[in-house]
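First up is the structure itself, then whatever we jot down about it.
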Amino acid sequence: MGKLSTYIIVMSGLMLLFYFTGLTSGTPNSTLLDLLLAPESMPELDEPEGGISKEAILVFEGVAITAAIVVGIVIGNVELALFGAFAVYFFNLGWDFLGVFNAVRAVNPVFAILIFAPILLLYVITMLEWMRGID
Amino acid sequence: MINQSNFFDLYDIFVNELIGDVILAIIVSLIVIWFLTIKARMPFQLSILFGILLLAIFFAETNILIIWVFIVLSVGTMFYYLMSKAFK
């Protein structure tokens with residue numbers, strides 16, 4: 001868990017900083033944070049956007065987490081249940097990191113691609129290494 | 001803006017009269033500051049923090065969103081990276 005833990009801390013922290021400074025919105029984690037911080041404004045969150053909507057992503061992730069936990073418990077493999085839930089969270093974090101990338105790309109595309117392209121590629125490789133157990 | 005009541009506006013003299021553009025002034029100032037800090041053999045974290053301080057000063061004067069995004073990005077990356085190293 002060497003590189004992946006660094007990635008999780010940096011990505012989660014950056015996502016929270018960008019969320020609280022008002023630079024990202026509409027990503028799955030920021031929607032969950034909106035619900036957590038202001039549950040009374042839940043009906044206002046439903047805004048139509050192009051591409052895959054965040055509601056679809058959240059529903060997919062909810063189903064995936066439930067399925068992983070149920071299958072893990074039925075088979076009797078608790079590790080699989082934990083692994084599935086963490087894998088879905090990493091997927092969710094990837095979407096949020098794309099939100100941070102988009103916030104930087106909106107102000108300067110060249111700098112954003114120069115900074116974030118290697119980081120995003122390395123995130124994929126780090127995930128693969130983590131799944132193979134050689135991180 | 002330089003006028004009769006404000007004739008020693010250093011920011012205006014430096015950015016608008018001497019260099020002529022905000023972004024160009026930021027790039028030139030960053031190069032000068034980093035050159036001086038490297039020449040003074042300061043730690044690289046201090047060099048980066050001097051750069052962020054310069055960006056913060058320019059953001060306070062101009063309110064340009066690009067500068068704010070890069071301040072948040074650099075401060076966040078540095079802080080959380082060092083925090084992850086500290087917890088290992």
Side-chain angles (χ1 to χ4, degrees), chain A residues 1-27 29-30 33 86 89-90 92-94 96-123 126-127 129-130 134-135, chain B residues 11 14-16 19-35 37-38 42-88:
Chain A
M1 284 284 284
K3 281 180 278 179
L4 192 68
S5 60
T6 308
Y7 255 105
I8 291 167
I9 292 175
V10 172
M11 287 167 79
S12 307
L14 272 182
M15 184 264 291
L16 285 175
L17 266 182
F18 271 69
Y19 172 76
F20 284 120
T21 49
L23 293 169
T24 56
S25 62
T27 56
N29 272 339
S30 64
L33 277 170
F86 269 106
Y89 174 66
F90 295 147
N92 203 353
L93 205 59
D96 268 85
F97 206 55
L98 277 179
V100 173
F101 167 70
N102 277 329
V104 181
R105 191 178 61 88
V107 294
N108 198 324
V110 178
F111 272 122
I113 292 167
L114 278 177
I115 293 170
F116 281 94
I119 297 173
L120 285 169
L121 284 174
L122 274 177
Y123 182 61
T126 310
M127 289 289 291
E129 284 184 352
W130 175 71
I134 54 173
D135 179 28
Chain B
Y11 176 83
F14 179 67
V15 173
N16 295 327
I19 296 179
D21 182 51
V22 179
I23 302 295
L24 193 63
I26 290 172
I27 293 169
V28 170
S29 313
L30 276 178
I31 290 170
V32 170
I33 279 185
W34 282 340
F35 176 74
T37 50
I38 291 166
M42 289 181 185
F44 79 97
Q45 289 101 334
L46 198 57
S47 303
I48 294 169
L49 283 174
F50 269 119
I52 293 170
L53 182 66
L54 182 90
L55 286 180
I57 292 168
F58 272 99
F59 176 69
E61 288 284 343
T62 57
N63 281 329
I64 298 175
L65 188 69
I66 305 170
I67 306 173
W68 178 232
V69 170
F70 280 107
I71 289 172
V72 173
L73 186 69
S74 47
V75 169
T77 310
M78 223 169 80
F79 173 70
Y80 288 108
Y81 179 68
L82 290 175
M83 204 166 82
S84 70
K85 295 265 271 191
F87 278 108
K88 272 182 190 169

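All values reported here derive from a predicted model rather than from experimental measurement. In what follows, chains are A, B, ... by sequence order, proteins preceding strands, each numbered from 1.
For B:Phe50, the CZ atom counts as loosely surrounded, since its 6.0 Å shell holds 12 or fewer non-hydrogen atoms of other residues, nucleotides or ligands. A 6.0 Å sphere centred on CZ of B:Phe14 holds more than 12 heavy atoms belonging to other residues, nucleotides or ligands.
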Show me the donor-acceptor pairs within less than 3.5 Å that the side chains of residues 71-84 of chain B make with the rest of the protein, sequence neighbours left out.
| residue | atom | partner | partner atom | Å |
| --- | --- | --- | --- | --- |
| B:Ser74 | OG | B:Phe70 | O | 2.6 |
| B:Ser74 | OG | B:Ile71 | O | 3.2 |
| B:Thr77 | OG1 | B:Leu73 | O | 2.5 |
| B:Ser84 | OG | B:Tyr81 | O | 2.7 |

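Residues of residues 13-22 of chain A lying under 4.5 angstrom from chain B, judged on non-hydrogen atoms, are A:Gly13, A:Leu14, A:Leu17, A:Phe18, A:Thr21 in numerical order. Within residues 108-120 of chain A, the residues that have a heavy atom under 4.5 Å from a heavy atom of chain B are A:Asn108, A:Phe111, A:Ile115, A:Phe116, listed by number.
Residues passing the side-chain contact (heavy atoms from CB on, under 4.5 Å) test with A:Met11 are A:Tyr7, A:Leu93, A:Phe97, A:Tyr123, sequence neighbours excluded.
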